[in-house]
Amino acid sequence: MKNYEYIESALIHGGIYGDERTGAVNTPIYQTSTYMQDGLGKNRGYEYSRTGNPTREALELLIAELENGESGFAFASGMAAITAVLSLFKSGDRIVISSNVYGGTFRVLDKVFQNFGFSYTIADTTDLTALSKALTPDVKAVLIESPANPLLTVTDIKAVAELVKNRGALLVVDNTFMTPYIQRPLELGADIVLHSATKYLGGHSDLIAGLVVVRSKELGERLHFIQNATGGVLQPFDSFLLIRSIKTLSVRMDRHVENAVELAKLLKEHEAVKTVYYPGLPDAQGYDINLKQAKNGGAMISFELKEGYSINRFFESLKLIALAESLGGVESLVCHPATMTHASIPREIREKVGITDGLIRLSVGIEHGKDLAADLEQAIREAKQ
């Protein structure tokens with residue numbers, strides 16, 4: 001019987017808490033590939049660690065509880081998780097993706113799954129009319145990010161879930177930017193939720209992992225078969241690290257978001273800044289929708305500098321904020337989507353949706369907010385040509 005009601009407690013006590021045999025408050029690292037059996041067909045719940053491992057199982061039960069789903073699955077990377085989910089479909093099927101999604105998602109669809117006769121359509125999922133037109137009879141799933149990467153556009157998850165369900169398709173939501181602490185897509189009608197757990201769930205830039213949660217037993221059985229058959233599972237030590245990191249998710253995210261709100265306001269009011277994308281600003285696209293489906297606007301900001309400012313000089317002038325791939329760590333990171341995270345997307349598609357060569361994406365960390373503000377301001381001054 002649970003002794004808690006709120007997610008802050010579930011982050012620490014959810015899934016399998018501790019070790020029943022020894023009383024250890026942390027789940028042990030079961031660093032084993034195989035398990036001794038008591039006889040033919042007689043095991044103690046585990047046979048081979050690709051199929052099941054107690055440390056990974058504790059993580060999978062934890063993320064399922066946090067997302068309020070039927071079952072969870074842990075993979076060796078976010079892309080391994082997405083690949084497993086896409087493997088639910090077959091040749092002749094089509095998937096609709098948001099007009100701005102993570103470049104790796106586009107790449108695996110465009111360069112890998114199309115080879116197997118699996119196709120995709122890009123649509124503006126913030127526009128229900130446009131999405132409805134994209135839902136042709138061969139569409140079996142819609143994959144969205146909300147807020148999307150990197151323009152932070154907000155999609156109405158509940159409305160899209162109802163539309164997709166009426167067409168007999170599945171809704172897959174990449175919840176990496178928000179985490180279950182801020183937003184829980186399954187509660188809004190989604191069928192599958194994805195995480196690059198490398199990001200906020202891991203939170204310390206020291207592991208690579210992917211997580212998936214499904215809302216139905218049938219999807220869980222199918223995905224477990226794929227996970228076991230293809231073998232892209234998360235290892236025990238990384239599973240342990242991820243459980244450890246999730247315990248502090250709420251306090252980290254509160255600080256991330258606190259800093260992000262202040263920096264978004266600073267950039268919005270800055271004379272050198274042309275555009276700011278942050279769903280926590282009242283005049284942002286989708287602000288009201290995000291307010292209904294999420295706790296806050298998250299901690300990702302994208303922006304563009306005005307003409308007369310060099311983004312190369314801006315990046316080179318940063319002292320505290322690091323220019324690097326990835327996001328969601330305790331340290332603040334900045335990147336250039338057009339040449340980094342979204343370089344695999346053709347230029348004409350990038351520019352059509354607004355991923356310009358001048359776009360800067362900022363993952364706000366948990367440093368002191370005034371230090372971050374000072375670093376941004378001095379780098380912008382140095383960027384003036």
Side-chain angles (χ1 to χ4, degrees), residues 1-4 7 9-85 87-88 175 180 184 186 191-198 201-202 207-247 249:
M1 188 177 206
K2 292 180 181 177
N3 297 311
Y4 53 86
I7 192 171
S9 299
L11 292 168
I12 297 168
H13 296 278
I16 298 174
Y17 175 72
D19 180 51
E20 186 175 321
R21 187 174 72 86
T22 65
V25 297
N26 291 309
T27 301
I29 304 169
Y30 286 89
Q31 196 68 47
T32 184
S33 61
T34 192
Y35 306 83
M36 184 171 59
Q37 301 187 27
D38 299 322
L40 291 177
K42 297 178 182 179
N43 62 64
R44 304 175 195 180
Y46 304 95
E47 300 171 302
Y48 190 60
S49 275
R50 170 166 45 78
T51 308
N53 175 277
T55 314
R56 190 176 84 235
E57 181 185 29
L59 170 62
E60 292 173 332
L61 290 170
L62 174 59
I63 192 60
E65 181 175 335
L66 297 178
E67 286 285 6
N68 197 18
E70 172 68 25
S71 50
F73 303 90
F75 296 89
S77 68
M79 287 313 305
I82 289 173
T83 297
V85 169
S87 297
L88 290 166
N175 201 31
R184 288 180 288 281
L186 296 182
D191 299 286
I192 301 173
V193 61
L194 292 163
H195 292 277
S196 173
T198 309
L201 294 176
L207 61 83
I208 302 290
L211 297 174
V212 179
V213 182
V214 298
R215 66 178 300 147
S216 73
K217 183 177 180 181
E218 184 266 341
L219 276 175
E221 290 172 349
R222 291 172 61 194
L223 196 59
H224 180 261
F225 178 86
I226 290 168
Q227 181 192 44
N228 183 48
T230 58
V233 296
L234 190 63
Q235 294 303 301
F237 184 65
D238 287 333
S239 297
F240 168 83
L241 288 177
L242 194 46
I243 293 170
R244 180 209 61 176
S245 295
I246 288 173
K247 291 178 187 292
L249 180 65

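Basis for what follows: all heavy atoms, side chains included, without hydrogens, waters or symmetry-related copies. All values reported here derive from a predicted model rather than from experimental measurement. When a residue number appears, it is its place in the shown sequence, counting from 1.
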(request) Could you grab the distance from atom CG of Leu207 to atom CG of Asp238, nearest 0.5 Å is fine? (result) 5.5 Å
(message) Ignoring hydrogens, what is the shortest heavy-atom contact between Arg56 and Thr51? Give both atom names and the distance.
(response) NH2-O, 3.4 Å
(request) To the nearest 0.5 Å, tell me how far Ile192 CD1 sits from Asn175 CG. (result) 13.5 Å
(message) Rounded at 0.5 Å granularity, tell me how far CG in Leu201 sits from CD1 in Ile246.
(response) 5.0 Å
(message) Looking at every heavy atom in both Tyr30 and Thr55, which two are closest together, and how far apart are they?
(response) N-OG1, 2.8 Å
(request) Measure the spacing between CG of Asn228 and CG of Leu223 and express it to the nearest 0.5 Å. (result) 11.5 Å
(message) So Leu211 and Leu59, do their side chains get closer than 4.5 Å, heavy atoms only?
(response) yes
(message) Taking Leu194's backbone N and O only, do any of them form a donor-acceptor pair with Glu67's side chain (distance below 3.5 Å, no angle check)?
(response) no
(request) Kindly give the heavy-atom pair with the smallest separation between Gln31 and Pro236, and that separation in Å. (result) OE1-CB, 3.9 Å
(request) Measure from the side-chain N and O atoms of Glu70 to the backbone N and O of Val214, and report whether any donor-acceptor pair falls under 3.5 Å. (result) no
(request) Quick one: closest heavy-atom pair of Ser71 and Ala64, and the distance? (result) C-CB, 3.8 Å
(request) Enumerate the residue pairs fulfilling salt bridge (Lys or Arg N to Asp or Glu O under 4.0 Å) with a member in residues 213-233, sequence neighbours excluded, ordered by first and then second residue. (result) Glu218-Arg222
(request) Could you give me the CA-CA distance, side-chain angles and deciding distance for Asn53 and Tyr35, then say whether side-chain contact (heavy atoms from CB on, under 4.5 Å) is met? (result) CA-CA 10 Å; Asn53 175 277; Tyr35 306 83; 3.2 Å; yes
(request) Locate the shortest heavy-atom distance separating Gly14 from Tyr4; write the atom from each residue and the value. (result) CA-OH, 3.5 Å
(request) Tell me, with the steps shown, if Ile7 and Arg184 meet side-chain contact (heavy atoms from CB on, under 4.5 Å). (result) CA-CA 11 Å; Ile7 192 171; Arg184 288 180 288 281; 3.4 Å; yes
(request) May I ask you to test the Leu219-Leu88 pair for a side-chain heavy-atom distance under 4.5 Å? (result) yes
(message) Is there a side-chain contact between Ser49 and Thr32 in this structure, where contact means two heavy atoms from C-beta onward sitting under 4.5 Å apart?
(response) yes
(request) Could you please spell out the steps behind the side-chain contact (heavy atoms from CB on, under 4.5 Å) verdict for His224 and Glu60? (result) CA-CA 11 Å; His224 180 261; Glu60 292 173 332; over 6 Å; no
(message) To check you understand the geometry: which heavy-atom pair defines the closest contact between Ala80 and Gly232, and what is its length?
(response) CB-O, 4.2 Å
(request) State, with a plain yes or no, whether a side-chain heavy atom of Ile63 is found less than 4.5 Å away from one of Val213. (result) yes
(request) Report the distance from atom CD1 of Ile208 to atom CG of Leu234, rounding to the nearest 0.5 Å. (result) 10.5 Å
(message) Tell me if a side-chain donor or acceptor on Ser33 pairs with a main-chain N or O of Tyr48 at a distance below 3.5 Å.
(response) no
(message) Does any part of the side chain of Pro180, heavy atoms only, come nearer than 4.5 Å to the side chain of His195, both counted from C-beta?
(response) yes
(message) To the closest 0.5 Å, what do you measure between CD1 (Ile16) and CD (Glu57)?
(response) 4.5 Å
(request) Please list, chain by chain and in numerical order, all residues satisfying side chain to side chain contact (heavy atoms under 4.5 Å, CB included) with Tyr17, sequence neighbours excluded. (result) His13, Val25, Lys247
